[in-house]
There are 2 protein chains.
Amino acid sequence: MAQPALIDDNSGGDDTQGNEAQGNGVELGALHGILGFHIRLAHGAVYRHFTETFADLELTQKQVSMLWLVGDHPGIAQIDVGNLLRMDRATTMTIVNRLQDRDYLRRERSSSDGRKQALYLTAGGEAALEQAKLCIDAHEAWLKSRFTEQEIEKLVEMLARIHD
Amino acid sequence: MAQPALIDDNSGGDDTQGNEAQGNGVELGALHGILGFHIRLAHGAVYRHFTETFADLELTQKQVSMLWLVGDHPGIAQIDVGNLLRMDRATTMTIVNRLQDRDYLRRERSSSDGRKQALYLTAGGEAALEQAKLCIDAHEAWLKSRFTEQEIEKLVEMLARIHD
DNA sequence: GCCTATTTGTTAGTAGAGCATACAATTATG
DNA sequence: CATAATTGTATGCTCTACTAACAAATAGGC
C-alpha cells in the first residue's frame, strides 16, 4: 500500500485509530517499562498529528506557541518568550525570524530596556493566530478524546511536574 | 551568570530542581490548558536530561532504543525496529548507519526474506548497551523521582493511549 | 508460471529544532 | 567608573524527520 511514511492517513474512513506498531511478532520488551520512552513516543504522535493539522497553515508548534504568547502579551521580550517555551536565545531567534519574514510579527526595541526586543503581532499575525486557534481546538480534541476530564487534569499536572 | 543555554548545570550543589520558567511577570495564560503543549515541554525536559546523561557515551535516545531492541531481538529486521520506534525507513537508515559506522551494529541479509536486513549487535555494541542501561537507570530515576509507583503506572498507561 | 503490486532497503535532498561559540550593545553592580 | 551580566545577533554544527525516486526481493491474482 506504500504508506506515506508514518502519517496515519486515515483515508479508509472507519478504521480504528491505527497507530499501533505492527509488531511482526516483535515486542518492545523491557523498553516498555521506560517512562522516558513513552514520553518520546507520545510526543512523536502528537507532533505528527499537529503537523498534519497545520499543514495548510504551514505553522509549526513553536511558531503557534510564539504567536499565541505574543498575542496574549503584546510587547513581550524575545528572551521571555524563549524562557516560557524553554528555548535558548539562538533557537528563539530562528522562530522569530521566520515569523517576521512572513510578516506575522514585528520587533521593536524596548523603551524600558534597550537590550530587549519587544514583540508585537501584525494584522496578518493576528489573523493567523485566529486560524491557528481553530486548528489547535481540533488537534486538542483529537488528543483529549481518549481521556476523561479528570484524567486530563491529572496528566497535565504530572507533565508539569516534569517540565516545571 | 551566562547560563549554558537551557541545560540545568546544577553546579551549585543544593539548588532545588531549577527548571521553572523564570517568568518576568509573564505567564503562559491559556496556553496552560493545552495538553499538547505540556507534552512538548515535558519531552523537551526529558530530552535535555537524557542528552546530559549520555554526553560521555555520545549516544542519542534513538540510538539507545535501537541498541536495546537489537540486543533483545538479535536478527530483528530494520523495518521492524523502525515500526516499533515509530520511525520511517529513511530515518531508521541514518540511525543504523551511524551505529554501524561506530561498529556497534552489523547488517546481514535475512535468509528468510531477501528484502530484509537482519540486525545484530557487535561485541562493542553489547558493551555500549550495557553502559547505556546504567545511564538509563540514572535517567529514569531522575525522571521517576517526582512520582509514586501508582502515578508512574497511570502515566505510562495514559501516554500509551496516545502513541498506541 | 507470469505479470503486477507491495515491501524493504537505499540514496539524496530538504527542513525544523537545538546547541555552542563568539561578538556587540545595553544595563546592572560593586 | 570599571567590570560583570543580560540580551540580541550571526554562524556553524548535529540530530531527527520527511519526501521522492530507484532497485531488489517477495507476494498475489490470473
ask   = Relative to the 5' end of DNA chain C, which residue comes earlier, A:Gln63 or A:Ser112, by the nucleotide with the nearest heavy atom?
value = A:Gln63
ask   = If you pin A:Asp113 and B:Tyr47 to their nearest nucleotides in DNA chain C, which one's is more 5'?
value = B:Tyr47
Give the nucleotide from the list [options] with an atom nearest to the side chain of [X].
X	options	value
B:Gln117	C:dT27, C:dG18, C:dT10	C:dT10
A:Arg115	D:dG8, C:dT27, C:dT10	C:dT27
A:Met93	C:dT6, D:dT9, C:dG9	D:dT9
B:Thr91	C:dT8, D:dC18, C:dT10	D:dC18
A:Lys116	C:dA12, D:dT7, C:dC19	D:dT7
B:Ala90	D:dT19, C:dC19, C:dG9	D:dT19
A:Gln78	C:dT27, D:dT11, D:dG8	D:dG8
A:Asp88	C:dC19, D:dT16, C:dA17	C:dC19
B:Ile79	D:dT11, C:dG9, C:dA17	C:dG9

ask   = So does A:Glu153 have more than 12 non-hydrogen atoms from other groups sitting under 6.0 Å from CD?
value = no
query = Within a radius of less than 6.0 Å around CD of B:Glu130, do more than 12 heavy atoms belonging to other residues, nucleotides or ligands occur?
reply = no
Value in whole Å for how far the [atom2] atom of [N] lies from [atom1] of [X]:
X	N	atom1	atom2	answer
B:Phe54	C:dG18	CZ	C1'	19 Å
B:Phe50	D:dC15	CZ	C1'	13 Å
B:Leu105	C:dG9	CG	P	13 Å
A:Arg107	D:dT7	CZ	P	15 Å

message = Count I, L, V, M, F, W, Y as connected when their side-chain heavy atoms are under 4.5 Å apart, and connections chain through other members. Are B:Met87 and A:Tyr47 then in the same cluster?
response = no
Flag for B:Thr91-B:Asp88: side-chain donor and acceptor within less than 3.5 Å =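 There is such a pair between these side chains.
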Would you indicate, yes or no, if [N] has its OP1 or OP2 atom less than 4.0 angstrom from a side-chain nitrogen or oxygen of [X]?
X	N	value
A:Thr60	C:dA17	yes
B:Arg109	D:dA24	no
B:Arg48	C:dG18	no

inquiry  = Check this for me: does the side-chain of B:Arg89 come within 3.5 Å of the base of C:dG9 through a donor and an acceptor?
reply    =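 Answer is yes: a donor-acceptor pair is held.
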message = Under 4.0 Å between a side-chain nitrogen and a carboxylate oxygen: does that hold for B:Glu52 and B:Arg48?
response =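 Answer for the salt bridge query: no.
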